[in-house]
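Before any comments, here is the structure.
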Amino acid sequence: MDSNLLYMLILYPIFFIFPAYCANGAPVVFGGGKPLDFGVKFRGKPLLGKHKTIKGLISGLSSGIIIGFAQSLVPGYSFMLVIGAVQGIGAMAGDLVGSFIKRRQGMKEGSKAGLMDQYLFLVFAFLFSIPFGNLPSTYGIIVIFLLTGILHKLTNTIAHRWRIKDVPW
Ligand code: CTP
Ligand code: MG
């Protein structure tokens with residue numbers, strides 16, 4: 001593949017969305033403890049559920065900021081500072097919206113919700129990034145969606161084997 005195409009289709013899209021990946025993964029490692037919804041119920045069911053914690057949220061937001069800051073040090077990519085912060089917020093918002101929807105449907109914390117578990121954080125991270133520009137090309141975004149499906153399965157299987165996660169999804 002010609003190096004410019006490789007950059008446009010794969011390298012830049014991965015670089016661009018990297019803060020969102022890190023923000024999404026951080027709570028699995030650093031989360032736990034007090035639930036974000038403080039046990040509050042909404043129409044008889046948990047608002048978000050016990051698995052969405054304050055520490056998890058803070059670790060996700062911080063990861064976006066820290067990764068974005070590190071990436072902004074690459075000459076020509078100073079815009080990643082803002083993108084990182086915004087993707088941290090987007091990824092966490094998507095994650096919480098997913099839990100909110102799962103609880104409304106009566107699904108238990110940690111139950112499998114297929115596409116929503118895999119992609120909601122990503123969709124929100126992209127949507128939140130739009131106002132700040134520098135988005136990858138359409139093909140690049142498609143590559144990211146395909147890659148995320150594969151990575152999600154792989155990282156969750158590994159996290160389960162290493163006993164970091166209770167369930168392999
Ligand atoms: N986690 C956390 N705080 C968050 C998000 C996640 O502590 N804000 C941790 C929890 O230990 C959670 C794990 O990361 O079990 C995996 O997160 P996720 O798959 O997003 O949540 P689920 O356990 O599937 O819960 P839900 O059904 O609400 O999506
Ligand atoms: Mg889950």
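What you see below is based on every heavy atom in this structure, not just the backbone, and it leaves out hydrogens, waters and symmetry mates. Each ligand, and each atom within it, is numbered from 1 in the order the structure gives.
For ligand 1 and Glu109, the ligand atoms under 4.0 Å from any heavy atom of the residue are 27 (O). Taking every non-hydrogen atom of Gly31 and a distance limit under 4.0 Å, the qualifying atoms of ligand 1 come out as 7 (O). The Gly32 neighbourhood of ligand 1 comprises atoms 7 (O), with distances under 4.0 Å to a heavy atom of that residue. Near Gly110, the atoms of ligand 1 lying under 4.0 angstrom from a non-hydrogen atom of the residue are 22 (P), 23 (O), 24 (O), 25 (O), 26 (P), 27 (O). Residue contact check: Asp95 has heavy atoms under 4.0 Å from atoms 5 (C), 20 (O) of ligand 1. Of all the atoms in ligand 1, the ones that sit under 4.0 Å from a non-hydrogen atom of Leu57 are 8 (N). Against a heavy-atom cut-off of under 4.0 Å, Val28 is close to the following atoms of ligand 1: 14 (O), 16 (C).
The option with the heavy atom closest to atom 28 (O) of ligand 1, from among Lys108, Lys102, Arg103, is Arg103. Taking all heavy atoms of His51, Lys165, Lys112 into account, the minimum distance to atom 10 (C) of ligand 1 is reached by His51. Counting only non-hydrogen atoms, the option in Asn156, Thr53, Ile164 that gets closest to atom 8 (N) of ligand 1 is Thr53. In the candidate list Gly98, Pro27, Gly56, Pro27 is nearest to atom 6 (C) of ligand 1, counting heavy atoms.
With hydrophobic clusters built from ILVMFWY side chains whose heavy atoms lie under 4.5 angstrom apart, Phe79 does not share a cluster with Leu73. Residues Leu96 and Phe30 do not share a hydrophobic cluster, clusters being chains of Ile/Leu/Val/Met/Phe/Trp/Tyr side chains in contact below 4.5 Å. Placement of Phe16 and Leu81 in two distinct hydrophobic clusters is found when ILVMFWY residues are connected by side-chain heavy-atom separations under 4.5 Å, directly or transitively.
Scanning all protein heavy atoms for the shortest distance to atom 18 (P) of ligand 1 gives Lys52 NZ, 3.7 Å.
Residues Pro27 and Ala23 come closest through the heavy atom pair CD-O, 3.1 Å.
Ring pair Phe126/Phe145 is parallel by interplanar angle, where below 30° counts as parallel and above 60° as perpendicular.
Other members of the cluster containing Ile65 do not exist, because no ILVMFWY side chain is joined to it at under 4.5 Å. Counting side-chain heavy-atom gaps under 4.5 Å among Ile, Leu, Val, Met, Phe, Trp and Tyr, Met107 is found in no cluster with other residues.
Between Asp37 and Lys52 there is no salt bridge, since no side-chain nitrogen of the basic residue lies less than 4.0 Å from a carboxylate oxygen of the acidic one.
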